[in-house]
Amino acid sequence: MKHITNPVLFVLAVFCFFPLVGCADGPQGPLAQAQALMDPAYRSKVFWIKGAGPREKINQWTYYFYDPTASGNARMVRIVDDKVEIFQPANFGSPARESSTFNPFFVKVSVQKALSTAAAYANEQKISYDHVRVQLRRPSSDQAPSWRVELLDNEHNLGTVYISPENGQLVYFNSTRSSPDSAAGFFNDVKRTFLGIGGDLEQFFTGERTVDQ
């Protein structure tokens, strides 16, 4: 591999590279702020990212890092309007596992793409919403982290858009008005035709496992 010796070319290469890898929260500000608080050994070991805000722009981010020196092996950083509000251990009842972590800089689908996909579907289906909640996690240790986008209107949850971790396209919209049968049908379809994780995905997102029982 040819090394870049010219410092100007090196800087240009760095700035060209980062848009390709797809930072999880778009502008690198909130994530960079959160990582700066962490021990360098754990800055790239994220196992959960949550965001909330108006549909046009998420202004609240919560990052959960794997950190074996903290209670529950996890630390939480919450950033609201670019200001750190919380930095503390996060205990989920069972210790966080390193195998569930991912490096957010190498996530293929950005949150902007996830929000754009959700907005396009909502417009097509004439779903009116004013706020969103997003989450990025790995459904299982052998699967890529994937986004889900909750659509809210006046704090009422209208449903959740599940996003492909490979190309950012719509996988499924789970309406809050959906019947249990239609929800189960979704997870069966996912198992057969898309992610191939079936019950793992259902259990991860809902806390229940019915598809493969």
Side-chain angles (χ1 to χ4, degrees), residues 17-26 31 34-35 38-51 61-77 89-118 133-150 160-174 180 182-213:
F17 173 73
F18 275 113
L20 294 177
V21 297
C23 180
D25 59 352
L31 177 59
Q35 289 180 314
M38 295 295 300
D39 184 302
Y42 311 118
R43 288 176 181 173
S44 64
K45 298 183 182 297
V46 177
F47 63 88
W48 194 3
I49 296 178
K50 299 168 63 177
W61 287 101
T62 305
Y63 302 93
Y64 295 89
F65 294 86
Y66 172 78
D67 183 351
T69 69
S71 174
N73 291 349
R75 290 190 189 276
M76 179 187 78
V77 184
N91 196 330
F92 294 96
S94 59
R97 295 176 296 176
E98 188 174 8
S99 61
S100 298
T101 65
F102 57 90
N103 187 334
F105 280 108
F106 292 94
V107 173
K108 292 183 179 181
V109 177
S110 69
V111 70
Q112 288 91 346
K113 174 60 177 175
L115 292 174
S116 176
T117 297
R133 287 195 295 255
V134 299
Q135 295 189 50
L136 179 66
R137 297 184 73 175
R138 297 179 71 179
S140 63
S141 59
D142 60 346
Q143 298 292 330
S146 55
W147 289 102
R148 71 177 193 178
V149 182
E150 297 178 36
T160 302
V161 178
Y162 294 83
I163 304 295
S164 163
E166 296 300 322
N167 55 28
Q169 298 302 308
L170 174 75
V171 176
Y172 181 76
F173 177 69
N174 186 20
S182 63
F186 155 63
F187 289 112
N188 279 318
D189 289 342
V190 168
K191 182 178 181 181
R192 288 193 303 267
T193 64
F194 190 69
L195 296 178
I197 58 176
D200 290 337
L201 182 64
E202 178 188 20
Q203 186 172 22
F204 179 82
F205 282 124
T206 70
E208 299 179 353
R209 191 181 189 99
T210 62
V211 169
D212 55 356
Q213 297 299 313

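One is the number of the first residue; the rest follow in order along the sequence.
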side-chain contact (heavy atoms from CB on, under 4.5 Å) between L136 and V107: does it pass, once the steps are laid out?
CA-CA 10 Å; L136 179 66; V107 173; 4.0 Å; yes
How far apart are the closest heavy atoms of G51 and W61, and which atoms are they?
CA-CE3, 3.9 Å
E150 side chain vs R133 backbone, donor-acceptor pair below 3.5 Å:
no
Which atoms form the tightest heavy-atom contact between V109 and E166, and what is the distance?
CG2-C, 4.2 Å
Can you see which heavy atom on L31 is nearest to which on P104, and at what distance?
CD2-CG, 3.8 Å
Take F102 and I49, measure what side-chain contact (heavy atoms from CB on, under 4.5 Å) needs, and give me the verdict at the end.
CA-CA 10 Å; F102 57 90; I49 296 178; 4.3 Å; yes
When rounded to the nearest 0.5 angstrom, what distance separates OH in Y66 from CE in M38?
11.0 Å
Can you give me the closest heavy-atom contact between T117 and I163, atom names plus distance?
CG2-CD1, 3.8 Å
Shortest non-hydrogen contact from K113 toward G168:
CE-O, 3.7 Å
Report the residue from T160, V111, L115, L170 that forms a side-chain contact (heavy atoms from CB on, under 4.5 Å) with V149.
L115
Shortest non-hydrogen pair, P145 vs P165, comes out as O-CB, 3.3 Å
Calculate, to the nearest 0.5 Å, the distance between atoms OH and CZ belonging to Y162 and F173 respectively.
10.0 Å
Answer yes or no: is there a donor N or O on one side and an acceptor on the other, between the side chain of R138 and the main chain of F47, under 3.5 Å?
no
Sorted by chain and number, sequence neighbours left out, ring-ring contact (aromatic ring centres under 6.0 Å, His included) with Y64 holds for W48, F92
Report the residue from N103, T101, D67 that forms a side-chain contact (heavy atoms from CB on, under 4.5 Å) with K45.
T101
Describe, in one word, how the ring planes of Y63 and F65 are oriented to each other, choosing from parallel (under 30°), tilted (30 to 60°) and perpendicular (over 60°).
tilted
Less than 4.5 Å apart, any side-chain heavy atom of T69 and any of R75?
yes
